[in-house]
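Working notes for the structure below.
Note that ligands are numbered from 1 as they come in the structure, with each ligand's atoms numbered from 1 the same way. What you are looking at is a predicted structure, and each value in this text was computed from that prediction instead of being measured.
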Amino acid sequence: MSRSFVLGVLAAATVALGAGCGSSADAAPVATTQVTMAKSYRFDPKTIEVKAGSTVTWTNDDNFTHTVHVDGREDHKVEPGERVSIAFDTPGTYRYVCTLHRRDMKGEVIVR
Ligand SMILES: [Cu+2]
């Protein structure tokens with residue numbers, strides 16, 4: 001209970017700092033349609049940029065089951081060694097999470 005409280009406070013502090021602070025290397029968008037769920041509990045690269053109409057593929061190279069849940073869309077479970085592809089037709093910024101590891105696994109797809 002106290003541990004999760006501390007983590008919650010840290011998460012809030014991270015949000016308060018805003019974009020561009022801290023792990024700014026992760027935040028720079030990478031032009032790719034391929035995202036790896038790398039060991040351990042990460043989306044790599046975390047922020048990607050694609051053209052409208054692109055299909056993005058997430059591949060699970062970790063030893064654990066993860067999911068890809070884009071805001072407003074369905075959750076996709078991805079077992080180790082498997083992949084899921086999602087089409088992005090409309091420009092915008094789409095946040096997504098792994099619903100099993102929300103604190104650690106978040107990413108963003110920027111559609112131009
Ligand atoms: Cu996960």
Side-chain angles (χ1 to χ4, degrees):
M1 177 97 180
S2 63
R3 178 176 155 78
S4 68
F5 172 75
V6 170
L7 288 171
V9 170
L10 284 174
T14 304
V15 169
L17 285 170
C21 293
S23 56
S24 56
D26 285 345
V30 176
T32 180
T33 57
Q34 302 294 320
V35 178
T36 301
M37 292 136 127
K39 296 182 180 68
S40 288
Y41 306 104
R42 294 191 295 122
F43 289 116
D44 183 31
K46 199 170 176 179
T47 304
I48 63 169
E49 191 176 303
V50 303
K51 289 194 173 117
S54 298
T55 296
V56 178
T57 300
W58 283 262
T59 303
N60 188 351
D61 283 345
D62 204 351
N63 301 319
F64 308 97
T65 299
H66 296 300
T67 79
V68 177
H69 187 200
V70 179
D71 277 357
R73 302 206 193 173
E74 66 177 304
D75 195 9
H76 299 271
K77 191 184 253 191
V78 189
E79 305 288 345
E82 296 190 344
R83 63 190 61 192
V84 64
S85 295
I86 300 174
F88 291 88
D89 294 327
T90 309
T93 298
Y94 299 83
R95 292 182 171 190
Y96 66 90
V97 297
C98 165
T99 55
L100 301 174
H101 313 106
R102 288 176 183 278
R103 283 201 184 89
D104 300 312
M105 299 183 67
K106 301 173 197 180
E108 220 166 69
V109 179
I110 300 168
V111 181
R112 302 276 187 209

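Look at E108 and K46 and you find no salt bridge, because none of the NZ, NE, NH1 or NH2 atoms lies under 4.0 Å from a carboxylate O.
Within the protein, the N, O or S atoms sitting under 2.8 Å from the Cu ion (ligand 1) are H66 ND1, C98 SG, H101 ND1, M105 SD.
The minimum heavy-atom distance linking W58 with M37 is given by the pair CB-SD, 4.1 Å.
Ring-centre distance between H66 and Y41: below the 6.0 Å cut-off.
S54 and T33 share no donor-acceptor pair across their side chains, judged by distance under 3.5 Å alone.
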Would you tabulate the side-chain donor-acceptor contacts of residues 74-83 under 3.5 Å, counting partners in other chains and residues two or more places apart, or write 'none'?
| unit_1 | atom_1 | unit_2 | atom_2 | d |
| --- | --- | --- | --- | --- |
| D75 | OD1 | T67 | OG1 | 2.9 |
| D75 | OD2 | T99 | OG1 | 2.6 |
| E79 | OE1 | T65 | OG1 | 2.7 |

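Here the CD1-NZ distance, from I110 to K51, works out to 15.0 Å after rounding to the nearest 0.5 Å.
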